[in-house]
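Below is one structure, written out as structure tokens, with a few remarks after it.
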Protein chains: 2
Amino acid sequence: MRQETIENYLKTIYNLSSNNTAIVSNSQIAIQLELNPATVTEGLRKLHELKYVIYEKSYGTRLTTQGAKLALDIVRRHRIWETYLVKELGFGWDEVHAIAEELEHVNNTKLINKLASILGNPIYDPHGDPIPDEKGKIKKSNFIKLSEGLVKGNYTIMGVTDHSSAFLRYLEKNALIIGAKLFVKSIEEFDQSLSIVCQKKELIISSKVAECIIVQSND
Amino acid sequence: MRQETIENYLKTIYNLSSNNTAIVSNSQIAIQLELNPATVTEGLRKLHELKYVIYEKSYGTRLTTQGAKLALDIVRRHRIWETYLVKELGFGWDEVHAIAEELEHVNNTKLINKLASILGNPIYDPHGDPIPDEKGKIKKSNFIKLSEGLVKGNYTIMGVTDHSSAFLRYLEKNALIIGAKLFVKSIEEFDQSLSIVCQKKELIISSKVAECIIVQSND
DNA sequence: TTAAATATTTTGGTATGCCAAATTTAATAA
DNA sequence: TTATTAAATTTGGCATACCAAAATATTTAA
Ligand SMILES: [Mn+2]
Ligand SMILES: [Mn+2]
Ligand SMILES: [Mn+2]
Ligand SMILES: [Mn+2]
């Protein structure tokens, strides 16, 4: 298998398994990688052969120790590059994901560690995602999705789960950036939309948006 | 054809044609890309179809305007990255070529122009090779190979044509770095080895080494 | 506990990128 | 000008990465 193919599978499996705890289904992977399910079945069989994953037919897939190690390395490269592009090269947080998708495959430990060092070995990337250290160790957090919070609460935005330009520009337009504080006034029963206050301005956000915002409770 | 394959062919053809003037043979390309000649014949037929090259069977290949444009873009990316790695990230001139071979395929104009801008839009890379500007324009020079110079002359080292770590470390060990001044005392008739003085130290270099050093005459 | 819906796998097939061996073409030396 | 040598091309084949459609298996809803 081509190295880039392996890397894209492992990264995807890692991301879909939420910190490598859950088992991942073929269809999830197929959607994420925009591949035909038949292709994914084949791919997983090969990754199993290569001992990167445990793939149990018609049940699901999880990473082996070896697979998780490589996955965490790709995730590290991706997030370090995103941070470098934003902090050192002046890109917007809505532009960097696509570039990092390519840069992540350049495998040079010295390069990544040098970038990390220039950045002061950051623990979070521009979207609030944790950056694994050189050994693959990752900072645990007790953050939640805004959609999972209680009504009437104070929160700080810690990250996002959608990295599309469209979503990030929408957030920016409404001052919903990382570090911003917000207060949830109420949740509409009909559609679970949230009425929130942020920077003294009141606004309504859909449940779909609230699902993509990661927050820390301040209460 | 895969974009990376196209790019590697075009860059190679550009480099072998010395500034896109000469016609390039299949065997040269095969050696450079470490491919079987049969593969190169196929590759060139496809690149001709795609209008990147004019490939005349059993005669030779040259770039079209479109092909030269893309080739110069790859060369620019490669040399900007090499310069950035040396000047901003602290790599040695003997380490950067291999990394740039991967980074050159990341296609993002804004990124390359940003790196170039941080570097002050350099005209030469760490090996003395000229960096095309955004439009593909390249600084012409009247530099020569040290092996082509006259006996008893003063020269300044302007570049190298071999980018291997082994060669570059050999040069560094002997203070034969870019900008260094040297004096050619004599050329041995038997093997064309050169007796030179550099930094007050005398040393003998083989004709093979002299062929890989680009100089400007100071006389 | 079945039928319907959904997910997965198998099968058959395409496109790309490569190579080894055989053949043809071109260049060089006698 | 002919051998001889070298370069290029053709042919037949292999491996990888995909997909569409058909066949199975699993899950979910009756
Ligand atoms: Mn990727
Ligand atoms: Mn990110
Ligand atoms: Mn390359
Ligand atoms: Mn260079």
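Letters A, B, ... mirror the listed sequences (proteins, then strands); counts begin at 1.
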Salt bridge B:K87-B:E82, side-chain N to carboxylate O under 4.0 Å: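 Looking at B:K87 and B:E82, the cut-off is not met.
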
Under-4.0 Å salt bridge between B:K110 and A:E95: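 Answer for the salt bridge query: yes.
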
Nucleotide nearest B:A38 when distance is taken to its side chain, options D:dC18, D:dT10, D:dT9: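 Among the listed nucleotides, the one closest to the side chain of B:A38 is D:dT10.
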
A:Y55 side chain, from C-beta outward: closest of D:dA8, D:dT10, C:dT9: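 Selected nucleotide: C:dT9.
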
Establish, with yes or no, whether the OP1 or OP2 oxygen of [N] is under 4.0 angstrom from a side-chain nitrogen or oxygen of [X].
X	N	result
A:T5	D:dA17	yes
B:K57	D:dT10	yes
B:T41	D:dT9	yes
B:S27	D:dA8	yes
A:S58	C:dT8	no
A:Y59	C:dT9	no

Touch class at under 4.0 angstrom, heavy-atom based, for A:N36 against every strand present: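 The answer is base, as A:N36 lies within the cut-off (heavy atoms under 4.0 Å) of a base atom.
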
Sugar-phosphate only, base, or nothing, as touched by A:Y9 at under 4.0 Å among non-hydrogen atoms: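 Nothing, no nucleic acid heavy atom in range.
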
Stepwise side chain to side chain contact (heavy atoms under 4.5 Å, CB included) check, A:I204 with A:S195: CA-CA 5 Å; A:I204 310 275; A:S195 179; 4.1 Å; yes

Rounded distance (Å) that lies between atom C1' of C:dA15 and atom NZ of B:K46: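 After rounding, the gap between these two atoms is 9 Å.
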
Separation of atom CG in B:L50 from atom C1' in C:dA15, rounded to whole Å: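 Atom-to-atom, B:L50 to C:dA15, this comes out as 14 Å.
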
Validation row: A:H127, A:R79 side chains within 4.5 angstrom (heavy atoms):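 No, side chains not in contact.
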
Comparing B:L44 and A:M1 on DNA chain D - which has the more 5′ nearest nucleotide: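 Result: B:L44.
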
Base C:dC18 to side chain B:E34, donor-acceptor N/O within 3.5 Å cut-off: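 No, the side chain and the base share no sub-3.5 Å donor-acceptor pair.
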
